[in-house]
Amino acid sequence: MPAPVCPIDLPAPETLARTLAQRLPAFQDVTWTGSTGSTNADLLARARTGAGAGKPWLLGTHQQDAGRGRAGRPWQNRSGSTLMFSCAFDVHLPAMQLAALSPLAGVAACEALRTVAGPGSHGLCMKWSNDIQWHDAKLAGILVETTRNPGGRDTGYTVVIGMGVNLADAAELSLALGREIADWTQVQAGADRAAVAADLICASAAAWHEAVRTLERDGFGAFRQRFDQVDALAGRKVNVLDKGAILLSGTACGVDEQGRLLVQTPEGATPISVGEISIRRQA
């Protein structure tokens with residue numbers, strides 16, 4: 001017989017929602033569920049109706065049944081093993097600047113997780129465009145999606161930022177996926193999972209809220225130095241891949257004013273746009 005699955009010690013959904021609402025007074029709606037299809041999809045659908053309280057909103061769940069990762073890849077977690085939540089914000093930006101929201105979300109989340117981790121958090125870094133790593137192992141994935149608000153051009157957009165932070169199961173995930181995966185027990189061994197869950201959610205949600213407002217006011221240029229402080233690829237040889245094919249190889253050298261990754265090649269620094277492009281370090 002297979003070994004029983006150990007329960008995940010997270011607060012009950014309604015208890016967690018109350019705690020978060022008290023700690024995030026700027027958020028107009030905070031909800032946590034036992035399970036849902038996708039927190040990102042739920043918030044996008046709500047935004048498209050134009051109904052409900054003013055933003056920001058936060059929606060989290062113990063389990064996602066139809067989660068999506070980069071390039072729409074399906075993703076599902078064991079209940080409570082991954083901290084799954086999404087936030088929705090109104091943004092007023094030109095369409096050409098929306099792509100900067102992806103690296104912006106990664107920078108803000110990495111900074112927030114470092115704050116929660118405290119001393120020894122230098123191993124937390126961000127692999128462009130927004131994967132959060134513990135050293136070279138993926139700890140958290142972020143998905144950023146936007147939709148135009150109903151009511152006309154002047155109403156702006158809703159940006160939904162979703163994140164899944166691995167709380168447990170790193171060994172099993174590493175084996176299943178064939179690559180290094182990290183979980184929060186490696187970052188903070190022995191941390192109380194219920195307490196740290198609320199800390200991670202609140203720190204990330206508040207950081208995203210502040211970052212979106214700063215982007216509207218100052219542009220992504222205000223984040224370039226902050227990006228450098230969390231950049232996992234700086235000075236490293238990389239391949240830029242699109243659907244498995246190598247587009248170019250070079251050395252990662254930060255980001256430009258639009259949040260695009262810069263890859264130094266013999267021809268100069270080439271900007272890489274956010275999209276279905278992944279970065280892989282060369283062997």
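These numbers come from a predicted model, not from an experiment.
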Query raised in the report: Is there a donor in the side chain of D183 and an acceptor in the side chain of T185, or the other way round, less than 3.5 Å apart?
Result: yes
**Report entry** Among L143, L59, V144, I161, side-chain contact (heavy atoms from CB on, under 4.5 Å) partner for N40
**Finding:** L143
Query raised in the report: Taking the side chain from D169 and the backbone from S81, do they hold a donor-acceptor pair closer than 3.5 Å?
Result: no
Requested in this report: Please identify each residue that fulfils salt bridge (Lys or Arg N to Asp or Glu O under 4.0 Å) with E210, with sequence neighbours left out.
Outcome: R226
**Report entry** From CA spacing to verdict: side-chain contact (heavy atoms from CB on, under 4.5 Å), W184, V116
**Finding:** CA-CA 11 Å; W184 197 257; V116 175; 4.0 Å; yes
Query raised in the report: Side-chain contact, heavy-atom cut-off 4.5 Å: T158 with D90?
Result: yes
Query raised in the report: Are the side chain of D256 and the backbone N or O of P271 linked by a donor-acceptor pair below 3.5 Å?
Result: no
Report task. Nearest 0.5 Å please: distance from the CZ atom of R213 over to the CG atom of D218. Result -> 12.5 Å
Query raised in the report: Taking NZ, NE, NH1 and NH2 as the nitrogens, is one of them in D199 or R23 under 4.0 Å from a carboxylate oxygen of the other?
Result: yes
**Report entry** Heavy-atom pair of closest approach, residues R260 and W128
**Finding:** C-NE1, 4.2 Å
**Report entry** Minimum heavy-atom distance between D29 and R46, given as atom pair plus value
**Finding:** OD2-NH1, 3.3 Å
Requested in this report: Please report the shortest heavy-atom distance between A197 and L83, naming the atom on each side.
Outcome: O-CD2, 3.6 Å
Query raised in the report: Below 4.5 Å, heavy atoms only, C-beta onward: do L113 and L139 meet side chain to side chain?
Result: yes
**Report entry** Euclidean distance, K55 NZ relative to C87 SG, rounded to 0.5 Å
**Finding:** 13.0 Å
Query raised in the report: Would you find a donor on one side and an acceptor on the other, under 3.5 Å apart, between the side chain of T82 and the backbone of M84?
Result: no
**Report entry** Side-chain heavy-atom pair F85, L200 within 4.5 angstrom cut-off
**Finding:** no
Report task. Would you mind reporting whether Q264 and L262 have side-chain heavy atoms less than 4.5 Å apart? Result -> no
Requested in this report: Indicate the atoms forming the closest heavy-atom contact of T214 with A222, along with that distance.
Outcome: CG2-CB, 4.2 Å
Query - For H62 against P13, the heavy-atom pair lying closest together - result: NE2-CD, 3.9 Å
Query - Aromatic plane relationship, F89 with H209 - under 30° parallel, 30 to 60° tilted, over 60° perpendicular - result: parallel
Query - Any side-chain heavy-atom pair of V187 and S121 under 4.5 Å - result: no
Query raised in the report: When you measure from the side chain of R236 to the backbone N and O of A252, does any donor-acceptor pair fall under 3.5 Å?
Result: no
Query raised in the report: Is there side-chain contact between L104 and F223, with at least one heavy-atom pair below 4.5 Å?
Result: yes
Requested in this report: Measure the CG-CZ distance between L173 and R179 for me, rounded to the nearest 0.5 Å.
Outcome: 9.0 Å
**Report entry** Rounded distance [0.5 Å steps], CG in L58 versus OG1 in T31
**Finding:** 8.0 Å
Query raised in the report: If you round to the nearest 0.5 Å, how far is CG of L10 from CG of L167?
Result: 6.0 Å
Query raised in the report: Is there a side-chain contact between P103 and F220, using heavy atoms and a 4.5 Å cut-off?
Result: yes
Query raised in the report: Just wondering, do T251 and K237 contact through their side chains at under 4.5 Å, heavy atoms?
Result: yes
Query raised in the report: Does the pair L101 and L215 meet the rule for a side-chain contact (heavy atoms from CB on, under 4.5 Å), with working shown?
Result: CA-CA 8 Å; L101 289 162; L215 179 68; 3.6 Å; yes
**Report entry** Which residues share a salt bridge (Lys or Arg N to Asp or Glu O under 4.0 Å) with E172, sequence neighbours left out
**Finding:** none
Report task. Can you measure from CD1 (I142) to CH2 (W208) and round to the nearest 0.5 angstrom? Result -> 5.5 Å
Query raised in the report: Checking side-chain contact (heavy atoms from CB on, under 4.5 Å) against I201, which of V196, T19, L20 comes through?
Result: L20
Query raised in the report: D231: what forms a salt bridge (Lys or Arg N to Asp or Glu O under 4.0 Å) with it, not counting sequence neighbours?
Result: none
**Report entry** Residue pair I132 / A109: nearest heavy atoms and the distance that separates them
**Finding:** CD1-CB, 4.3 Å
Report task. Applying side-chain contact (heavy atoms from CB on, under 4.5 Å), run through L124 and W134 and close with a yes or a no. Result -> CA-CA 5 Å; L124 287 166; W134 174 243; 3.9 Å; yes
Query raised in the report: Under 3.5 Å, is there a donor-acceptor pair between the side chain of E145 and the main chain of V160?
Result: no
